[in-house]
Amino acid sequence: MNADYDVAIIGGGPVGAALALALRDSRLKVCVLEARPAGSASKDARALALSYGSRLVLSRLGVWDALREVSAIRTIHISQKQSFGRAVLKAEELNVPDLGYVLPYPVLQDALTAALQHSGVAPIYGASVTALTSDADHAAIGYRQDGVEHTLQTRIAVVADGGKLLVQQFPPKVRDYGQSALITHITCSAPRANTAFERFTPQGPLALLPFKEGYELVWTAPHQTAQDMLAWDDAKFLHELHQHFGDRVGEFLTVSRRSCFPLGLRRAPQQTPMQHVVLLGNAAQTLHPVAGQGFNMGLRDAWELSQEILDARPEELGTEKMLAAYRSDRRTDREAGIRFTDGLVRLFSNDLPLISAGRAAALTALDCLPFAKKFVAKRMMFGANG
Ligand SMILES: Cc1cc2nc3c(=O)[nH]c(=O)nc-3n(C[C@H](O)[C@H](O)[C@H](O)COP(=O)(O)OP(=O)(O)OC[C@H]3O[C@@H](n4cnc5c(N)ncnc54)[C@H](O)[C@@H]3O)c2cc1C
């Protein structure tokens, strides 16, 4: 049967938009259904650490040069509170110009949205998807726009909505870390150019990501503690941050508006019983932000799915054979990324003396062994599929 679209992407967030851009020069009929109204800027407060591998993909998509507010990471300093042992990764030791980049989520989102507007892909804004069904031929999507219900049929429905639409039907496996991430921008008296800090503390990891004249802070803590931290006055906040982080960047001087995100690991079933449907980005896996892997992995999802779609013969689009090949391509990277972030959070978020000594030894070994550094850095930059 003739469907309205070859590919319909539910969610024009960074991952859905990247997939649409990767398909723009094909002969395929592609649409993006995005719940946000047209022209509305994203207000998401989080900053994203992009890997060097993501930069290469965004360049191929023609978006990298349009990103105006990006700071490079050339050194990553990893340490743990109340214990010895630390590791330093440097771009020059790994033969790459930069280890990664920091930018606000809305800057990335706006650049992707602008590129989409100039592509042949039709984004449908203010379109909130409410229903998704499928049979052997196609998927059917129901959405509401300006109070009016619409339906469309597509050979492939890509769910890139961040992970809400199919949650009831196909519950993800969830690990609740009992943590929230408090995020904000801070300035300090001795910032170290292009250096990111990842510090593990018993209450959760704390990251300082270099951005402009200061740092984007991601400070994880148990939910209630994070709520309390939101309410602290600035002086107390800066003092407590210093207690947790130490003197590496001098004195903390200012803190901007703070926001909180509850954290957990959510992984959707690898294979849903729905034909012609595929899950992408956070809809497939939502990771803890430690080591900044979530969007980077979602972008690799989007890139590999686009290649699978572009390589498929017309009659293969959305068939179980095509989708199984995609899932198989992604399995190793996905599993490795989940194990890596989950392992880091669980191993480092406690103060048991024996484990603390083991962690210190592991950090020291990472610092001293060039092949271990290369392995970890390569994983963080390019994922497990290299
Ligand atoms: C505090 C924090 C820090 C992070 N730091 C990093 C980092 O440093 N590096 C990194 O790589 N990742 C990081 N992440 C993860 C990263 O933010 C996510 O992996 C990424 O945003 C996922 O993109 P997405 O497009 O899959 O989903 P989303 O960003 O959630 O976008 C989903 C889109 O779908 C739309 N939508 C939702 N429902 C519907 C519907 N029913 N119909 C139509 N449209 C719909 C939404 O409006 C939205 O535009 C962090 C996350 C958090 C919480």
Side-chain angles (χ1 to χ4, degrees), residues 8-20 31-37 40-51 53-55 57-58 73 100-106 108-110 112-113 116 123-132 141-145 150 157-167 177 179-184 196 198 204-209 211 216-220 226 258-266 268 279-302 305 337 341 380-381 383:
I9 302 168
I10 302 171
V15 172
L19 174 65
C31 73
V32 179
L33 297 156
E34 168 54 50
R36 275 179 289 115
S40 69
S42 169
K43 294 190 176 60
D44 201 305
R46 78 190 95 166
L48 297 176
L50 299 190
S51 67
S54 290
R55 174 192 173 147
V57 175
L58 291 171
I73 301 174
Y101 307 90
V102 182
L103 80 176
Y105 178 107
L108 176 66
Q109 179 71 73
D110 293 350
L112 288 162
T113 304
L116 257 190
I124 304 174
Y125 287 104
S128 188
V129 172
T130 50
L132 175 60
I141 296 174
Y143 66 94
R144 191 177 311 118
Q145 189 185 33
H150 303 263
V158 180
V159 183
D161 69 334
K164 300 175 201 94
L165 187 64
L166 295 179
V167 162
Y177 297 115
Q179 293 178 346
S180 293
L182 181 147
I183 58 168
T184 187
E198 185 77 59
L206 183 159
L208 255 60
L209 306 171
F211 185 65
E216 296 294 326
L217 171 69
V218 185
W219 189 354
T220 45
R258 296 161 231 168
S259 333
C260 241
F261 291 81
L263 303 177
L265 166 64
R266 290 188 329 156
L279 275 58
L280 206 65
N282 267 27
Q285 66 273 319
T286 303
L287 308 180
H288 192 291
V290 66
Q293 292 293 301
F295 169 71
N296 292 301
M297 183 175 290
L299 188 60
R300 296 197 292 273
D301 283 350
L305 181 59
T341 51
M380 288 173 72
M381 286 189 289

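Just so you know, ligand 1 is whichever comes first in the structure, and atom 1 is the first atom listed for that ligand.
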Val218 to ligand 1, any heavy atom closer than 4.0 Å | no
Should Pro14 be listed as contacting ligand 1, given a heavy-atom distance under 4.0 Å as the test?
-> yes
Ligand 1 and Val129, any nitrogen or oxygen pair closer than 3.5 angstrom?
-> yes
Look only at interatomic distance and state if Gln109 has a nitrogen or oxygen under 3.5 Å from any nitrogen or oxygen of ligand 1.
-> no
More than 12 heavy atoms of other groups within 6.0 Å of Arg46 CZ | yes
In terms of side-chain heavy atoms, does Arg36 have a donor or acceptor partner in Tyr125 at a distance below 3.5 Å?
-> no
Where on Tyr143 is there a heavy atom closer than 4.0 Å to ligand 1, on the side chain, on the backbone, on both, or on neither?
-> neither
Nearest protein heavy atom to atom 7 (C) of ligand 1, by residue and atom, and its distance?
-> Ala49 N, 3.3 Å
Do me a favour and list the nearest non-hydrogen protein atom to atom 28 (P) of ligand 1 with residue, atom name and distance?
-> Tyr105 OH, 3.7 Å
Closest non-hydrogen protein atom to atom 17 (O) of ligand 1, residue and atom name please, with distance?
-> Arg46 NH1, 2.7 Å
Have a look at ligand 1 and work out which part of Ser51, if any, has a heavy atom under 4.0 Å from it: side chain, backbone, both or neither.
-> neither
Does Val290 reach the side chain of Glu198, with side-chain heavy atoms less than 4.5 Å apart?
-> yes
Protein residue, atom and distance nearest to atom 4 (C) of ligand 1, heavy-atom basis = Pro289 CB, 3.6 Å
May I ask whether Ala127 has any heavy atom positioned less than 4.0 angstrom from an atom of ligand 1?
-> yes
Phe295, portion touching ligand 1 at heavy-atom distance under 4.0 Å = both
Going by atom types only, do His288 and Gln293 share a side-chain donor-acceptor pair under 3.5 Å?
-> no
Met297 contact mode with ligand 1 (heavy-atom cut-off under 4.0 Å) | neither
State whether the shortest distance between N or O atoms of Val15 and N or O atoms of ligand 1 falls below 3.5 angstrom.
-> yes
For ligand 1, is Ala47 a contact, meaning one of its heavy atoms is under 4.0 Å away?
-> yes
Element-labelled atoms of ligand 1 that are located less than 4.0 Å from some non-hydrogen atom of Ala160 | 32 (C), 33 (C), 34 (O)
What protein heavy atom is closest to atom 38 (N) of ligand 1, reported as residue, atom name and distance in Å?
-> Asp161 CB, 3.6 Å
Do me a favour and list the nearest non-hydrogen protein atom to atom 46 (C) of ligand 1 with residue, atom name and distance?
-> Glu34 OE2, 3.5 Å
Mind telling me whether Tyr143 and His150 have parallel, tilted or perpendicular rings, with 30° and 60° as the class edges?
-> parallel
Which residue and heavy atom of the protein sit nearest atom 13 (C) of ligand 1, plus the separation = Leu48 CD2, 3.5 Å
Using non-hydrogen atoms of the residue, decide whether Leu165 is closer than 4.0 angstrom to ligand 1.
-> no
For ligand 1, note which part of Asn296 has a heavy atom under 4.0 Å away: side chain, backbone, both or neither.
-> both
Looking only at protein heavy atoms, what sits closest to atom 45 (C) of ligand 1 is Ala35 CB, 3.8 Å
